[in-house]
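Below is one structure, written out as structure tokens; comments come after it.
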Protein chains: 4
Amino acid sequence: MRHCTLIPSMARARSPEKRNAILDAAVQEIATAGLGAPTAKIAGRAGVAEGTLFTYFASKDELLNQLYVELKSEVYTRMNAEFPDKASLQRRAWHIWSTYLGWAVAFPKKRKVSVQLHLSDVVSAETRAQIAGQRGATDATIAELGERLALRGLPEGFAAAAMSAMQEATMDFITKQPRRREELIEKAFAVFWRLFR
Amino acid sequence: MRHCTLIPSMARARSPEKRNAILDAAVQEIATAGLGAPTAKIAGRAGVAEGTLFTYFASKDELLNQLYVELKSEVYTRMNAEFPDKASLQRRAWHIWSTYLGWAVAFPKKRKVSVQLHLSDVVSAETRAQIAGQRGATDATIAELGERLALRGLPEGFAAAAMSAMQEATMDFITKQPRRREELIEKAFAVFWRLFR
Amino acid sequence: MRHCTLIPSMARARSPEKRNAILDAAVQEIATAGLGAPTAKIAGRAGVAEGTLFTYFASKDELLNQLYVELKSEVYTRMNAEFPDKASLQRRAWHIWSTYLGWAVAFPKKRKVSVQLHLSDVVSAETRAQIAGQRGATDATIAELGERLALRGLPEGFAAAAMSAMQEATMDFITKQPRRREELIEKAFAVFWRLFR
Amino acid sequence: MRHCTLIPSMARARSPEKRNAILDAAVQEIATAGLGAPTAKIAGRAGVAEGTLFTYFASKDELLNQLYVELKSEVYTRMNAEFPDKASLQRRAWHIWSTYLGWAVAFPKKRKVSVQLHLSDVVSAETRAQIAGQRGATDATIAELGERLALRGLPEGFAAAAMSAMQEATMDFITKQPRRREELIEKAFAVFWRLFR
DNA sequence: GATGAATGAGGTTTCATTCAT
DNA sequence: TATGAATGAAACCTCATTCAT
């Protein structure tokens, strides 16, 4: 009979599975209970001990910031995949518009949490900067849209803000009428696009 | 002949000043600390004892609901005052647009708190219904805007949501460049109006 | 038109009606909410202001003590009325037994409150002494019962305690089967009386 | 071959000692201050932090219910140990009588708290049912006593209530004359027994 | 690294009592 | 005398974080 402790501590890297389990659990809990969701519950749902959560994230704030980064990355990854770089501005704008709304429809809880984090001030300026750096291919398109509005005297970034705001408004209606989802995404884009014609 | 005995020997009337002081303090505290702002701090800033807050509001939830009603009333009161009923749709839309942004610029903390309350679920359905009933003169205009988008297949209420969304986007830029406030309000409206042309 | 204040303040004695209203209200509230029933609720039910309660009773403890005295007086008054001084010991014991249970059946809330006060330690030793002095005609009978048990080596007062305890036990069953009320009172007495035969 | 990995690396087991310390402290505090005794004081006397109490008991009510179960179990355990199943009814009744009073004399505070809990309505019906299921050997004897009184037209359970009532009356005198304890227990039983002869 | 018991500051709310009116 | 707003000390309970195991 061998002593188990004789097996050298394998120095496993902190398992990414557990990290993801915690982030997923956080989404679920926060979607239902808000940002005040207790870390104990998050850990519980993730199937790890209360204390374990703090070996993966130094504090709740840290967890929240990383969660925000994760959610935004997920969106930008989707967006940058198969980005139609060469297409017309309208087609590229449509890609951004529909990809985001597609994600939001597919993962309503993630979107809900993302919005909450966006508005809260637990998300630090550093985190927000870090995310801005991940926009990748979308950046050029957003910038082009911005230029069109700049011609009308609006500041840089206004186009991005307007798009984001209109997307959220659209999502609210999709939540109420999920069946009309595809139709609403298209029609709302048609209206949105008028801003730039 | 007046009845004297009918006037009960009153202790002290519950003063509207104190009520307002509490609501004001709540705005300040919540703007800085979020909806989790402690009632003790709110009371403290209002210059009343911890317990006094609860003679004016049965619970923190109640306070939050009434605060939301108060903030929305303030906006609608402004909006309905001198509402240009007979003017063109565009001019009426402009009235709503500029009145709201004017208020938001004048009281950025109130606006911040109002948005937070709007998104939170401490604000009950009853409260929301009560507010809807105060929209008054703006309602017809919003409905007219809605009809225009309805022609393009979007649901009722989408116009209102879009306006609100664009206003918030605009506000975010005004916060960053307060000097250009008037200009931004006008130019953003010009862009916004394209949705309906 | 005369000034009402010109009528000299009549220095009305503190109205016994109000005092009684407060005591009655206290019974109702305490029966439902226990001794922790708030003075504000008691005052409310009595139809007087919160502060008024404290012009009739210096403190909540004071109110509770006086309430206990009042309830006990009520019982002793009933008991001493038409007390069959000349009857046999058994008949006199029966008078005490049935009068108390009759009262308890008629005013279950008063009985409930009385028991709660009896067990609590808000009722001071002085109050308890004061009540003891009101037993009047029953005293001799209780003492006689006590003597019978004294012959069997039990301390003075044991009979009274036993009677009281058995009465409460009986009441608990009457509460469960109110229809059998009269029967239970009689049969329980028959059993109780065996202690003294 | 034993599996080592199956034994989870435990933090610290919830110690029965601490649980008992809290229950003991509760007895002390409640005996002095009543059921309103603050949880903070109970925790303090138990030598644990305020919050710790709530890792052992979900709420104050829960603590109170478990305390009642504990106290009653203690009594029934004593009673069922060496219960003279084969003895005469009188001897068995005496066993119950003297065991309870022996416990009450040995732990007057526990008895006081037990009585308070019995009368209060923080003790749920479930808890009462759970306790009823622990009566074990005493049950048959109590039932036999009940039958005797049933012959005289009294409801089932009356005997138990009467015994309990007389025991409490007896305890009150023992508290005043602790020296005569053994004698009082015996003599009071002799009188009590007359109810069944 | 993983665990979960332990901590105690801090949150909301209640309530006996006071006192200006 | 009557009133009820005002008070602030507790009360119960939650929860992020620590640390012995």
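In what follows, every chain begins at residue 1, and chains take the letters A, B, ... in the order their sequences are listed. Just the heavy atoms: all of them, side chains too, but no hydrogens, waters or symmetry mates, feed the values below. These figures come from a predicted structure and were not determined experimentally.
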Item to complete: Decide yes or no for D61(D) and V123(D): does some side-chain heavy atom of the first lie under 4.5 Å from some side-chain heavy atom of the second?
Response: no
Discussion item. If I take atom CZ in residue F57(A) and atom P in nucleotide dT18(F), what distance separates them, rounded to the nearest angstrom?
Written reply: 16 Å
Worksheet entry | Stepwise side-chain hydrogen bond (donor to acceptor under 3.5 Å, both in side chains) test for S124(D) and T127(D) | CA-CA 5 Å; S124(D) 69; T127(D) 299; 3.0 Å; yes
Worksheet entry | R19(B) and R14(B), any side-chain heavy atoms less than 4.5 Å apart | no
Worksheet item: So does Y56(A) get a side-chain nitrogen or oxygen closer than 4.0 Å to the phosphate oxygens (OP1/OP2) of dG1(E)?
Response: no
Item to complete: For R14(B) and dG4(F), give me the distance from atom CZ to atom C1', rounded to whole Å.
Response: 9 Å
Worksheet item: Which comes earlier along DNA chain E counting from the 5' end, the contact point of A40(C) or that of L35(B), where each point is its nearest nucleotide?
Response: L35(B)
Discussion item. Using heavy-atom distances to pick each residue's nearest nucleotide on DNA chain F, tell me which of V48(C) and G36(D) is more 5'.
Written reply: V48(C)
Practice prompt. Classify the side chain of E50(D) versus the base of dC12(F) as yes if they form a donor-acceptor pair under 3.5 Å and no if they do not.
Written response: no
Worksheet item: Taking atom P of dA10(F) as reference, at what distance in whole Å does atom CD1 of I42(D) sit?
Response: 17 Å
Practice prompt. Report the distance from atom CG of L53(A) to atom P of dC19(F), rounded to the nearest whole Å.
Written response: 17 Å
Worksheet, complete the sentence: K60(C) atom NZ is separated from dT18(E) atom C1', nearest whole Å, by 17 Å
Worksheet item: In dot-bracket notation, what is the pairing pattern of DNA chain E, taking Watson-Crick (N1-N3 plus N6-O4 or O6-N4) and G-U wobble (N1-O2 and O6-N3) contacts under 3.5 Å, with [ ] crossing and | for other strands?
Response: .||||||||||||||||||||
Worksheet item: Think K18(A) has a side-chain N or O under 4.0 angstrom from the OP1 or OP2 of dG1(E)?
Response: no
Worksheet, complete the sentence: In short, L53(A) meets I42(A) closest at the heavy-atom pair CD1-CG2, 4.0 Å
Worksheet item: Side chain of T39(A): nearest nucleotide among dC15(E), dT17(F), dA2(E)?
Response: dT17(F)
Response to the item:
Tightest non-hydrogen contact, residues Q130(A) and V69(A), listed as NE2-CG1, 3.8 Å
Worksheet, complete the sentence: Between CD1 of I22(D) and P of dA5(E) the distance, given in whole Å, is 13 Å
Fill in: Distance-minimising heavy-atom pair for R128(D) and L117(D)
NH2-O, 4.0 Å
Discussion item. I need the CZ-C1' distance between R19(A) and dA2(E), as an integer number of Å.
Written reply: 18 Å
Worksheet item: Between T55(B) and A37(B), which is nearer to the 5' end of DNA chain E once each is assigned its nearest nucleotide?
Response: A37(B)
Worksheet item: Under 3.5 Å, side chain of R45(D) to main-chain N/O of A21(D), donor-acceptor pair present?
Response: no
Fill in: Residue whose closest nucleotide on DNA chain F lies nearer the 5' end, P38(D) versus A58(D)
P38(D)
